[in-house]
2 protein chains.
Amino acid sequence: MESMIFINGSLLPRQEAKISTLDRGVLYGYGLFETMRAYGGRVFRLHRHLERLTSAAQILGLASELAKYDVPGAIQRTMAANSLTEAWVRLTFTAGEGERRLAPPTVDSANLMIIAEKMVPPAPVSYLAGIKAALVRQRRNSQSPLSRIKSICFLENLIAFTEAAAMGAEEAILCNEQGYLAEGNASNLFFVHEEKLFTPSVSSGILSGITREAILELAPSLGFRTEEGEIKLEDFLSADEAFLTSTLREIMPIVQVDDKIIGPGVPGPITQSLMAAYRDLVREETTSAPQD
Amino acid sequence: MESMIFINGSLLPRQEAKISTLDRGVLYGYGLFETMRAYGGRVFRLHRHLERLTSAAQILGLASELAKYDVPGAIQRTMAANSLTEAWVRLTFTAGEGERRLAPPTVDSANLMIIAEKMVPPAPVSYLAGIKAALVRQRRNSQSPLSRIKSICFLENLIAFTEAAAMGAEEAILCNEQGYLAEGNASNLFFVHEEKLFTPSVSSGILSGITREAILELAPSLGFRTEEGEIKLEDFLSADEAFLTSTLREIMPIVQVDDKIIGPGVPGPITQSLMAAYRDLVREETTSAPQD
């Protein structure tokens, strides 16, 4: 069955879902996105994805355009049209035609697009054995207004991932311009030192992920203290345990960075207890909570 | 008359020139652009625009896709279809559908788009009186692989320009993450100190413009020494003369940055002689040189 894509209120076959070459998303990367994961037909923490999207749309002058849409309804329609319950959902919102500056689009030219595909989770062995990551030369810019916005200007991340993949790694690790630890190419980073969880602060130039937030809430209830701050790379590399968080991969243990083995080289006990607790949280929220 | 847009070998009316929502240009900003200016039907230094585009396409894994096109022919066809000789020409090349990393597109899904519009030059008074620029807080990242590539991830520049425009300025001036002068939001920067021309080096995190290159060639023939390097902001602000260079604006005098008046507050003699010499160069190259 050909996949159906939501575009501006309609569900169209993939081949027909198109946008103008004059859309400022195409011309200037003037647009936003969210990647979400649905479990049993419900997007985990949809309200947080929408809050982040709305907040970014305000910064970019697009909030009133976005407000024209019932986004939760559009996501449900897209999943239903593709008969999906376990889904990867990608929302893209571009600025449409208009001025060569931040400004609302010409009437009705903004584009809201939603793609939903069957979720294919990472192989179980990745969770059991942990993954290898690679440090890349590229630096995050903590002084860029885009570092905290999930804009479609995502090419740096593709470059970082490609560089890591060429080194046989599954994720690139980026420091910021001051040399402090920042984030993965599509994830946030955590590590454990003496039973305490550490993660780079938002001011380190990261995009604060929805899963990152959930872990920071969850950890204290399991008895683990947490700290957000400026993290030295050597502290990350000499950690007892390390993992990344992302919407699609949830919690993924990192057991090696370049040639450096993290801790004992296998997923640690605190990482494992967080993985189990996160899955319980997801089950609880996606089965009992009302979908907003 | 409705404008005609070149897309993948065809010239289509603006409303019909569309690309897939799954193009990685739309999803991830995975694409490149060039902005060119045609005088009397000929693009100034087209070969240099194409060299820069090709070099960037190589870095992004798209060179073989780009090589399928006769780009000079496509530009000429687009100008002819729109009956233009004095034109602003915007070329956009996006990666098409494919993997979520740097990789060639799925067969024939890359998109080459060319828009040509009548060139409306800045008002003569801007050249006669000079313009006001504004320093913005945002910093260029000299350590980003994108700082030297003209990618469609251009949203930072739109944000910078919008911030400058809100301060009543016509261009934003950006320093890099180390505090050195970098570039304008859509221009390169020059200043004159004791009859010598200074401009930030490429390693300052700038995109090296075609007009910038031309000025660096032209200045010595007029008897002015040039220096590229790491430039302190205060040296720029205390210059005798300052100007920006861009394909569309050519050489535009800057007479004020925020509240600071540059030199005597009017376009200086060296700036004026370069403006005249640049226009002679453009006339010479676009009337006598064979178009490649």
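The sequence lines fix the lettering, A, B, ..., with proteins before strands; numbering per chain opens at 1.
Heavy-atom distances place both the backbone and the side chain of B:Tyr30 under 4.5 Å from chain A. Neither the backbone nor the side chain of A:Ala103 has a heavy atom closer than 4.5 Å to any heavy atom of chain B.
No more than 12 heavy atoms of other residues, nucleotides or ligands sit less than 6.0 Å from atom NZ of B:Lys118. Sparse packing is recorded around CG of A:Asp108, with 12 or fewer heavy atoms of other residues, nucleotides or ligands lying under 6.0 Å away. Other residues, nucleotides and ligands contribute more than 12 heavy atoms inside 6.0 Å of the NZ atom of B:Lys68.
A distance of 5.5 Å separates CG in A:Leu60 from CD1 in B:Ile159, rounded to the nearest 0.5 Å.
Considering all non-hydrogen atoms of both residues, B:Thr92 and A:Val26 come closest at CG2-O, 3.9 Å.
For the options B:Ile115, B:Asp23, B:Asn111, B:Leu158, heavy-atom pairs under 4.5 Å to chain A are most numerous at B:Leu158. Chain B forms the most heavy-atom pairs under 4.5 Å with one residue out of A:Asn157, A:Asn185, A:Leu27, A:Ile7, and that residue is A:Leu27. Contacts with chain B were tallied for A:Glu163, A:Arg90, A:Arg24, A:Gln178; A:Arg90 has the most, counting heavy-atom pairs under 4.5 Å. With respect to chain B, the highest number of heavy-atom pairs below 4.5 Å among A:Thr162, A:Ile59, A:Leu102, A:Ile5 belongs to A:Leu102. For the set B:Glu177, B:Arg100, B:Glu99, the count of heavy-atom pairs under 4.5 angstrom toward chain A peaks at B:Arg100.
Contacts with chain B (heavy atom to heavy atom, under 4.5 Å) involve these residues of residues 13-22 of chain A, listed by number: A:Arg14, A:Ala17, A:Lys18, A:Ile19, A:Ser20, A:Thr21, A:Leu22. Proximity to chain B at a heavy-atom threshold of 4.5 Å picks out A:Gln138, A:Arg139, A:Arg140, A:Asn141, A:Gln143, A:Ser144, A:Pro145, A:Leu146, A:Ser151, A:Ile152, A:Cys153, A:Phe154, A:Leu155 from residues 137-155 of chain A, in numerical order.
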